[in-house]
Protein chains: 2
Amino acid sequence: MSVLTGGKLKLVQAALTLITESRSLTSLGLRELAREAGLNPNTFYRHFRNLDEFGLFVLGFIAQEMKSGVRELRRMAENSDQAAQETVAFVYTYFLNNPAATTIAVRELHGASPLLRRALENQLDASAREMAEDIIERQLVAGIADSTILEISRMTIRYILFRAMDYLEKPDQRLAIRRETERFINRQFRGALVEHLSPAEIAERA
Amino acid sequence: MSVLTGGKLKLVQAALTLITESRSLTSLGLRELAREAGLNPNTFYRHFRNLDEFGLFVLGFIAQEMKSGVRELRRMAENSDQAAQETVAFVYTYFLNNPAATTIAVRELHGASPLLRRALENQLDASAREMAEDIIERQLVAGIADSTILEISRMTIRYILFRAMDYLEKPDQRLAIRRETERFINRQFRGALVEHLSPAEIAERA
DNA sequence: ATCTGCCGTATACAAGTGTATACCTGATTC
DNA sequence: GAATCAGGTATACACTTGTATACGGCAGAT
């Protein structure tokens, strides 16, 4: 069964707690985890071979969480701008509700462990493909090559993740960050529509 | 004198070396540093009060390095696209030549130390303002509000830093990353020129 | 009723950590 | 010429870390 019970769950929760209190996944110690979980240090070995394995497990755990979150994302929108706005609001709300997962993702994407980095990159890429697919299927933007939509999706997801920490930590800037992200997305797609034109030509027609 | 000599310099260099070998600034140990520098552990205390102070010092050190790098950036370009291309090439070349500074910046911008994070944010913001100023002064893009240019500059700098690690670690993707970054910039500015128009209106005129 | 695994515990060890105290040496300063 | 001081060293302490070994209880299968 994939349902976590007992000590293993406690260890994972301990990791999430510690990370939210501004630590990084790779810097967690075995004894530190056990302490936070209220377990004997050696219980760790009953569930994981070493800390690397633990890190990957936690990553898989939050990846699963995230996936079920993203699946709810499919909703209706009249036009692309509205879709962008709704998606941005949704994603940032998700971050607020899952601060530990968010912090892990941001920290480890550029962290010291190549293993975790690769795993996270794949995860992000999968999300980007999903986003692109959604945009293409629902024909939210017309006249842009599929490959370009995918590229912009990737950039957007990276950018949003980049802003996620600020969003969590600076409550007074949340609205500003959302608006800014919407502008980011809108400019990318509008820019893609006219990227074969020179700025002067665009200015003429605008 | 601001010229570093002897042990202090050795310690900073040791940090840069260790970080390039995939470590993070905040995770470095005092004894580890001394070992790498070939010094007695306690020599550390002759130069720094503690590891936090050391971290800030290293950050200041690379910030200075970066500034002198960015100053060379002022060069001529016929139009904005060319300027983007040259700037992108220059910045990524800088990353290649300063892998340690780059790695530190990327890691600590989202690292566990709020102190270093704030310091780096300020540093990035200063670079963004410089970039925006340059664009405005040289009138590389016309018809975009100064505040928008600054916002796009900020986004661009964040994005480039985001891609810097990949650029360092994946030599076979360097050209692709540069091209992608150029597209990013061009779309942002072109998109900004037409962001008051709906996608349909843009499509009509393109 | 016994055996086998799983899960948790207790103790122990070698190694590494940050830091305090004290000592040494070569310049610089008065 | 003596004193001061920055920079480097040696030893020591208390503490944390990952891990190995060994032990206990409780399930389910035989």
Side-chain angles (χ1 to χ4, degrees), chain A residues 1-61 104 107-108 111-116, chain B residues 1-61 104 107-108 111-116:
Chain A
M1 276 289 94
S2 78
V3 180
L4 281 188
T5 55
K8 196 163 186 173
L9 176 62
K10 278 186 189 167
L11 285 170
V12 173
Q13 286 174 330
L16 298 187
T17 304
L18 288 171
I19 287 169
T20 315
E21 294 167 2
S22 92
R23 301 289 322 271
S24 99
L25 183 54
T26 27
S27 78
L28 291 179
L30 174 162
R31 293 176 111 106
E32 191 183 7
L33 284 166
R35 210 178 307 126
E36 177 74 26
L39 292 172
N40 186 283
N42 277 311
T43 304
F44 181 90
Y45 289 108
R46 299 289 166 208
H47 304 289
F48 307 100
R49 203 186 315 261
N50 51 44
L51 284 166
D52 274 352
E53 192 179 299
F54 178 72
L56 281 180
F57 185 83
V58 174
L59 208 62
F61 181 81
I104 291 180
R107 292 259 157 83
E108 304 307 333
S113 157
L115 200 65
L116 291 187
Chain B
M1 276 283 93
S2 79
V3 179
L4 281 187
T5 56
K8 197 164 185 172
L9 176 63
K10 277 186 189 167
L11 285 170
V12 173
Q13 286 175 329
L16 298 187
T17 305
L18 288 172
I19 286 169
T20 316
E21 295 166 2
S22 94
R23 300 288 321 269
S24 99
L25 183 53
T26 29
S27 77
L28 290 179
L30 174 163
R31 295 176 111 106
E32 192 184 6
L33 284 165
R35 210 178 307 127
E36 176 74 26
L39 293 172
N40 186 283
N42 277 312
T43 304
F44 181 89
Y45 289 108
R46 298 288 168 208
H47 304 289
F48 307 100
R49 203 187 315 262
N50 51 44
L51 284 166
D52 273 353
E53 191 178 300
F54 178 71
L56 281 179
F57 184 83
V58 173
L59 209 60
F61 182 80
I104 290 179
R107 291 259 156 84
E108 304 306 333
S113 158
L115 200 65
L116 291 186

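Computed from a predicted model, the values in this text were never measured in an experiment. All values below come from the heavy atoms of this structure, side chains included, with hydrogens, waters and symmetry mates left out. Each chain gets a letter, A, B and so on, in the order its sequence line appears, and its residues count up from 1.
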(message) Can you see whether B/Ser113 engages B/Glu108 through a side-chain donor-acceptor pair at a distance of less than 3.5 angstrom?
(response) no
(message) Ring-plane angle category for A/Phe61 and A/Phe57, please: parallel below 30°, perpendicular beyond 60°, tilted otherwise.
(response) parallel
(request) Whole angstrom is fine here: how far is it from CG in B/Leu11 over to C1' in D/dG7? (result) 12 Å
(message) Can you measure A/Leu39 atom CG to C/dC6 atom P for me and round it to whole angstrom units?
(response) 18 Å
(message) For the backbone of B/Ser24 and the side chain of B/Arg107, can you confirm whether one donor and one acceptor N or O come within less than 3.5 Å of each other?
(response) no
(message) Strictly under 4.0 angstrom, non-hydrogen atoms only: write out the protein contact profile of nucleotides 16-26 of chain C, one letter per nucleotide from the 5' end, B, S or -.
(response) -BBBB-BB---
(message) Whole angstroms only, please: what is the CG-P distance between A/Asn40 and D/dG25?
(response) 16 Å
(request) Name all pairs fulfilling the side chain to side chain donor-acceptor pair (under 3.5 Å) condition that reach into residues 28-38 of chain B, sequence neighbours left out, sorted by first residue then second. (result) B/Arg23-B/Glu32
(request) Tell me whether the OP1 or OP2 atom of C/dC6 has a side-chain N or O from A/His47 closer than 4.0 Å. (result) no
(request) Identify the two heavy atoms, one from A/Glu53 and one from A/His47, that lie closest to each other, and give their separation to 0.1 Å. (result) OE2-O, 4.0 Å
(message) Distance check needed: C/dC6 C1' versus A/Phe48 CZ, whole Å only.
(response) 15 Å
Hey, can you pull the donor-acceptor pairs under 3.5 Å for the side chains in residues 11-21 of chain B, sequence neighbours left out?
from, atom 1, to, atom 2, distance (Å)
B/Thr17, OG1, B/Gln13, O, 2.9
B/Thr20, OG1, B/Leu16, O, 2.6

